[in-house]
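Report on the structure given below.
In each ligand, atom 1 is the first atom listed, and ligand 1 is the first ligand listed.
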Amino acid sequence: MSAPKFGYVLLLIVLINISNNGVDAFHKVFKKLQSKSTSLESVSPLHRTAYHFQPPRHWINDPNAPMLYKGVYHLFYQYNPKGAVWGNIVWAHSVSKDLINWEALEPAIYPSKWFDINGTWSGSATHVPGKGPVILYTGITENQTQIQNYAIPQDLSDPYLKTWIKPDDNPIVKPDNGENGSAFRDPTTAWFNKKDGYWRMLVGSKRKNRGIAYMYKSRDFKKWVKSKRPIHSRKKTGMWECPDFFPVSVTDKKNGLDFSYDGPNAKHVLKVSLDLTRYEYYTLGTYDTKKDRYRPDGYTPDGWDGLRFDYGNYYASKTFFDDKTNRRILWGWANESDTVQDDTVKGWAGIQLIPRTILLDSSGKQLVFWPIEEIESLRGKNVQMTNQKMEMGQRFEVQGITPAQVDVDVTFNVGNLEKAEKFDESFATKPLELCNLKGSNVNGGVGPFGLITLATSDLEEYTPVFFRVFKDAASNKPKVLMCSDAKPSSLKKDTGTDAKERMYKPSFAGFVDVGLLDGKISLRSLIDHSVVESFGAKGKTVITSRVYPTKAVGEKAHLFVFNNGSQPVTVESLNAWNMQKPLKMNQGAK
Ligand code: DQQ
C-alpha cells in the first residue's frame, strides 16, 4: 500500500476508534437550533421519562455541584433555557428533600461577567467550614479561555441557597504557559489535608493527547497555587473532562467516606470522563496524603479499557458525600441517542440517571453501584415469578404491570457450568466486540439469558439485557459477559443526514466479575420509557441504554425473561414493580 493510502486508512481506523457513544467530542454546536425554543404545550410526551430527573423542556447535560445543605439536596445542571440542543449554557438549580421530588429554582449561575461571559461550564461544591458551600466552576472568558471561578451563596441561612454571588476577585485559577487554555476545565470538589492545612482540588486537561488532572492547593480557598505534579495523567487518553477524586472504605461495607477523610482502611478513586470516546473510566489506588501522590493499584487498565461506573450511555458523572446518611452518591448524565432533528421536535434532550450509592466491592478491586433506596418509595403494584425453569429458546412474559415504567429485579440460577463455551482470551478487553458477535439470539452453552425490555409481543422491537457465561481457562473461573443491546430497539427510520445527527442504536457491554459458585446471578433494570438502567450482580457491572421504540410504547410495551442457551436457566425469583411518577419534577423551570 502506498504511503498516503496507508496514512488515510490509519486515519480512518483512528476515527472509527474514537467514534463516540452518541455525542460529539465536546458538545456539538448547532447554531441554528440552539435558540429554537419549544413552548411547554408543544413538548412531546412520547419517550419522556416518568421518574428520572428532567426539566419540563429543553437540553440538559452534566450534573453540577450536587450537595446536601441544611437537610436539602441541591442539584445544579448544565442547561440550555432556549433550546433542545447544547448552547446558551447556564447552571440550572433544583432542590429536593428526598432525592425524588424536585423543585426548580432560578438558574444559580449564568454568563454575566468578563470571567464567564462566554460560558458557565461544569464544576463542583465544597463545604468550607466558616464559609458554607463554595462552588468552583469553569468560566469561558471574553477571549474564549477556560478559567476557574468561584461562587458563594448570598444568604447562608437559606437552606435553598437561592442566590449565588460571583465575587469580582475572580478568577481563582488561570491556565499558565504550560497549560492549554481551551482544554482546562471542570474543577472537582476540594478536600482538606489536615497535615499541611491546605485545600486541594483538580482541574481536567490534556497536553497533546495525554489526559491530565492538574492539582491546585490553597490555604484560604481563594489563592490557589498549582502543585508541582498533576495528581495523575495518562498518555493517549485525550482531554480529561469532569474528574472526580474521592476515598472509599475498605472495611466498611455500608458507609461512604467524606472527601477529606485521611484515616486507615481507605482506597481512592480517580474517575475521568474521556472527551474522545464519551466514556468514563476509573482507577482505584492509594493516595499518600503526605507525599501528595496518587498511585493506581494496577489491577485494572489505566486507560480506555479501564473500569467504568457504567458501560453504557453515561457521562460527566459526579459524586457527593451525604453526611446525613453517610452515603457517597453518584449522579450521571445520559444524553439522547435519538436524532437531533427529533430532539428539537420533541423539545427536550438529556436526563440525569437515578442517583447511585458507591461502595468498594468485597474483592477490593472494583466499585459496586446501587440505585439509592429512596427510589423504592415510587414502587407501586408488584408482580412476582418464582422457580420458573427456562429451556433453550423459551421466554416468559412478566404480566400484570406496565413494563414501560418499572423496576424489575430478578435472580437467575444457571445450574452447573459444564456447557459453558470456552472463552477466547483475545476478547479479554473487548466485551463490546464479543457482545456484537454473540447477541441475544446467538445460542450458547450457558446463556444468553436475561430480560427483554421495551418489547412488542412479537419482538419486532425489543431491548435485551442479558448475560452469557464462558469458561476461562486462564483464570479457571467463569467469565460472565453482560450486554444491553439497543440494535433491535426501534423500527424508527433514521432521518439524520449527517452521521453525527443520526439515531444511535448501539450495543453496550461489560464483564461481570462473579464466581457463580452457587450458580446465581442477579439483574435489576430500571425501565422508564426511553431509558433502561441495568445493574448486573448487585451492581458490579452497570449498563444504561437510551431507546426509542415506535410500537413498544406505553401500555403496548412488554417485558420478558428469556434463555437462548442449551443449559436450562431458572428464574429463581423475580419482582417487578410499576413505578409511580414523583409529585414534583422541576415544574416551572425557566
Ligand atoms: N460539559 C461542560 C464542560 C464539560 C463537558 C460544558 C462535559 O464543562 O467538560 O457544558 O460534558
Side-chain angles (χ1 to χ4, degrees), residues 20-30 34 55 58-66 75-93 107-111 115-125 135-141 144-151 171 173 175 179-189 201-206 211-214 237-244 271-281 308-310 313-319 330-337 349-353 544 546:
N20 51 47
N21 65 346
V23 267
D24 220 327
F26 193 57
H27 311 291
K28 184 155 184 172
V29 182
F30 296 92
Q34 74 181 20
H58 295 153
W59 163 276
I60 75 171
N61 57 291
D62 316 357
N64 290 154
L75 183 67
F76 305 83
Y77 55 98
Q78 297 276 289
Y79 177 55
N80 179 356
K82 296 183 184 161
V85 299
W86 188 85
N88 308 308
I89 292 296
V90 303
W91 275 49
H93 183 191
I109 303 175
Y110 44 86
F115 51 77
D116 65 8
I117 197 69
N118 279 317
T120 48
W121 289 5
S122 288
S124 313
I135 283 176
L136 302 180
Y137 72 98
T138 298
I140 315 296
T141 65
Q144 301 295 344
T145 305
Q146 301 179 8
I147 57 176
Q148 317 316 319
N149 300 320
Y150 76 104
V173 171
E179 287 162 338
N180 179 344
S182 53
F184 185 63
R185 55 184 181 266
D186 309 337
T188 63
T189 295
M201 59 95 170
L202 309 178
V203 177
S205 188
K206 69 169 175 183
I212 304 177
Y214 288 114
T237 51
M239 172 65 191
W240 283 5
E241 297 187 317
C242 303
D244 199 13
K271 182 276 309 182
V272 295
S273 306
L274 300 182
D275 192 23
L276 280 180
T277 62
R278 305 306 276 186
Y279 287 119
E280 308 190 314
Y281 85 93
R308 296 188 195 160
F309 287 179
D310 187 308
N313 185 337
Y314 197 81
Y315 199 67
S317 69
K318 189 170 293 292
T319 65
L330 169 72
W331 281 98
W333 161 56
N335 193 13
E336 301 306 304
S337 353
I351 58 173
Q352 305 297 349
L353 294 167
T544 297
R546 299 298 313 274

Subject >> N/O donor-acceptor pair under 3.5 Å between Lys206 side chain and Thr237 backbone >> reply: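 Side chain of Lys206 to backbone of Thr237: no pair is present.
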
Original post:
Side chain of Asp244, backbone of Thr319: donor and acceptor closer than 3.5 Å?
Top reply: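 Pair found, side chain donor or acceptor close to backbone of Thr319.
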
Run the numbers for me: atoms of ligand 1, each under 4.0 Å from some heavy atom of [X], listed by number.
X	value
Trp86	10 (O)
His27	1 (N), 2 (C), 5 (C), 6 (C), 7 (C), 10 (O), 11 (O)
Tyr315	7 (C), 11 (O)
Asp62	1 (N), 2 (C), 3 (C), 4 (C), 5 (C), 7 (C), 11 (O)
Gln78	2 (C), 6 (C), 10 (O)
Ser122	2 (C), 8 (O)
Asp186	3 (C), 4 (C), 8 (O), 9 (O)

**OP:** To the nearest 0.5 angstrom, please state how far the CD1 atom of Ile351 sits from the CG atom of Asn313.
**Re:** 8.0 Å

Original post:
Between atom CD of Glu280 and atom CZ of Phe309, what is the distance when rounded to the nearest 0.5 Å?
Top reply: 6.5 Å

**OP:** Mark yes or no: Arg308 above the aromatic ring of Tyr314, with NZ or CZ under 6.0 Å from the six-membered ring centre and no more than 45 degrees from the axis.
**Re:** no

Original post:
Do Ser122 and Asn64 meet the criterion of a side-chain donor-acceptor pair at a distance under 3.5 Å?
Top reply: yes

Original post:
Applying a 4.0 Å heavy-atom criterion (strictly less than), which segment of Asn61 is in contact with ligand 1: side chain, backbone, both, or neither?
Top reply: side chain

Original post:
Where does Arg278 meet ligand 1, judged by heavy-atom distances below 4.0 Å: at the side chain, the backbone, both, or neither?
Top reply: side chain

**OP:** Could you say whether the N/O atoms of Glu241 and ligand 1 ever approach to under 3.5 Å?
**Re:** yes

Original post:
What are the two closest non-hydrogen atoms of Leu136 and Met201, and how far apart are they?
Top reply: CD1-CG, 4.1 Å

